[in-house]
Amino acid sequence: MCGRYALHSSLEEIAEEFSAKIPQQKIEKRYNAAPAQKLPVIIRQQQNYIKLFSWGLVPSWAKDPSIGSKMINARSETIAEKPSFRKAFSRSRCLVPVNGFYEWKKTSSGKRPVYITPKNAAIFAFAGLWETCQINEKTIFSFTVATTEPNNTLKEIHNRMPVILTTKQNQNIWLNEDSPAQECLKLLRPCDDAYITHHYVSRKVNATYNDAPELIKPVTYPEQSEFF
DNA sequence: CCAGACGTTGTT
DNA sequence: GTCTGG
DNA sequence: CCAGACGTTGTT
DNA sequence: GTCTGG
């Protein structure tokens with residue numbers, strides 16, 4: 001699954017990577033981006049835009065925005081059918097720019113956070129969906145991240161992983177709102193192991209109020225757990 | 001017909 | 001909004 | 001994802 | 001245990 005990530009590239013770098021217009025808004029470098037926060041996504045409307053949307057998809061019919069906290073991920077196996085996602089899947093797909101993401105690996109001495117980054121690139125593109133919802137005269141813009149089974153590397157860490165689109169061609173199919181659903185579904189597969197690398201990081205990342213470059217630095221945990 | 005759900009992950 | 005359960 | 005709250009009445 | 005907030 002994917003519930004935390006880092007995005008420290010500049011807006012200019014992100015705009016360049018995704019051929020997107022640079023927004024007026026500034027964004028901060030993030031090392032601990034978390035659900036419910038406003039984060040940059042790439043959407044296509046005539047041209048590509050970078051927008052700041054809330055992580056946790058709030059369906060258009062929702063009456064309470066807190067439903068978004070349950071919608072931070074969408075299983076790709078059912079994304080086209082679920083009432084909460086199917087509308088966005090058919091017409092409102094987006095890319096989520098990410099420099100690396102965190103997964104928590106269970107060990108005999110507790111959960112340890114792992115940071116997963118691209119091996120030969122600067123930025124990952126997660127496959128996402130976005131939505132708008134009107135609640136109390138306010139429009140909520142939100143997004144979710146598609147998940148799939150893990151590749152061989154992630155299998156050692158966790159039982160799910162975010163969908164990462166590694167080629168420009170696939171990113172374009174995903175972003176184009178006229179792409180047939182069948183074509184889009186084909187993209188929702190674990191990415192090849194060759195694209196990623198990973199290392200353990202500090203448990204400081206557990207708390208969302210920590211957000212600094214040190215969070216993505218490698219740390220070493222004891223090889224063997226303590227005896228009891 | 002109306003009422004109620006609509007989600008994902010993993011359980012050390 | 002749309003589907004399922006009662 | 002993890003951390004932290006989980007409640008009401010009525011105001012030091 | 002389960003939900004909300006970040």
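Because the structure is a prediction, the values reported are computed rather than measured.
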Quiz item: When rounded to the nearest Å, what value does the distance between C1' atoms of B:dG4 and D:dG10 take?
Solution: 36 Å
Quiz item: Whole-Å distance between B:dT9 P and A:Asn73 CG?
Solution: 6 Å
Quiz item: If you check every side-chain atom of A:Arg160, which of D:dC1, D:dC2, B:dT9 has the closest atom?
Solution: B:dT9
Quiz item: Taking atom C1' of D:dA3 as reference, at what distance in whole Å does atom NZ of A:Lys204 sit?
Solution: 17 Å
Quiz item: Just one of A:Asn152, A:Thr148, A:Thr147 clears the side chain to side chain contact (heavy atoms under 4.5 Å, CB included) bar with A:Pro190, so which one?
Solution: A:Thr148
Exercise. Inspect the surroundings of CD in A:Glu16 and state if more than 12 heavy atoms from other residues, nucleotides or ligands are less than 6.0 Å away.
Key: no
Quiz item: Roughly how many Å is it from CH2 in A:Trp55 to C1' in B:dG7, rounded to a whole number?
Solution: 14 Å
Quiz prompt | Any donor-acceptor N or O pair under 3.5 Å, side chains A:Asn172, A:Arg44 | solution = yes
Practice problem: Run through A:Val163, A:Asn73, A:Leu129, A:Val41 and flag the one making a side chain to side chain contact (heavy atoms under 4.5 Å, CB included) with A:Val145. | Solution: A:Asn73
Quiz prompt | Closest-nucleotide 5' rank along DNA chain B - winner of A:Lys63 and A:Cys2 | solution = A:Lys63
Quiz item: D:dC1, D:dA3, B:dT8: which one has an atom nearest the side-chain heavy atoms of A:Pro35?
Solution: D:dC1
Self-check item: Nearest to side-chain heavy atoms of A:Asn206, which nucleotide of B:dG7, D:dC2, D:dC1
Solution: D:dC2
Quiz item: Paired with B:dC2: which nucleotide, if any, by Watson-Crick or G-U wobble criteria at under 3.5 Å for both distances?
Solution: C:dG5
Practice problem: Compare the aromatic ring of A:Trp61 with the six-membered base ring of B:dC6 and state whether they stack according to the 5.5 Å and 30° rule. | Solution: yes
Practice problem: Measure from CG on A:Asp64 to C1' on E:dG5 and round the result to the nearest Å. | Solution: 13 Å
Quiz prompt | From D:dC2, E:dG6, B:dT9, nucleotide with atom closest to A:His158 side chain | solution = B:dT9
Exercise. Send over the distance from A:Glu28 CD to E:dG6 P, rounded to a whole Å.
Key: 18 Å
Quiz item: What are the two closest heavy atoms between A:Leu52 and A:Lys26, and how far apart are they?
Solution: CD1-O, 4.4 Å
Exercise. Would you mind reading off the distance between A:Met71 atom CE and E:dT4 atom P, rounded to a whole angstrom?
Key: 12 Å
Quiz item: Charged N to carboxylate O below 4.0 Å: is that the case for A:Lys168 and A:Glu17?
Solution: yes
Quiz item: If we take the P atom in both B:dT9 and D:dC1, what is their distance in whole Å?
Solution: 8 Å
Practice problem: Look at the side chain of A:Thr147 and decide which nucleotide, out of B:dT8, D:dC1, B:dG7, has an atom nearest to it. | Solution: B:dT8
Practice problem: Once you apply the 3.5 Å cut-off to both distances, tell me the Watson-Crick or G-U wobble partner of D:dG7, or none. | Solution: none
Self-check item: Nearest-angstrom distance, P atom, E:dT4 to D:dG7
Solution: 11 Å
Quiz item: Which nucleotide, D:dC2, E:dG6, B:dG7, lies nearest any side-chain atom of A:Ala34?
Solution: E:dG6
Quiz item: A:Ile72 CD1 to D:dA3 C1': how many Å, rounded?
Solution: 14 Å
Exercise. Taking atom C1' in both D:dC2 and B:dT12, compute the distance separating them and give it to the nearest angstrom.
Key: 15 Å
Practice problem: Please list, by residue number, the residues of residues 74-88 of chain A whose heavy atoms come closer than 4.0 Å to an atom of DNA chain B; answer none if no residue qualifies. | Solution: A:Ala74, A:Arg75, A:Thr78, A:Lys82, A:Pro83, A:Ser84, A:Phe85
Quiz item: So A:Phe126 and A:Phe124, would you call those rings parallel, tilted or perpendicular, with 30° and 60° as cut-offs?
Solution: parallel
Exercise. For A:Asp211 and E:dG6, give me the distance from atom CG to atom C1', rounded to whole Å.
Key: 11 Å
Quiz item: Counting heavy atoms not belonging to A:Gln169, are there more than 12 under 6.0 Å from its CD?
Solution: no
Practice problem: Tell me what A:Leu57 touches on the nucleic acid: a base, only sugar-phosphate, or nothing, going by heavy atoms under 4.0 Å. | Solution: nothing
Quiz item: Does some side-chain heavy atom of A:Asn99 sit less than 4.5 Å from a side-chain heavy atom of A:Thr117?
Solution: no
Quiz item: Which comes earlier along DNA chain B counting from the 5' end, the contact point of A:Thr107 or that of A:Thr148, where each point is its nearest nucleotide?
Solution: A:Thr148
Exercise. Verify the contact: side-chain N or O of A:Lys70 to OP1 or OP2 of B:dC6, cut-off strictly under 4.0 Å; return yes or no.
Key: no
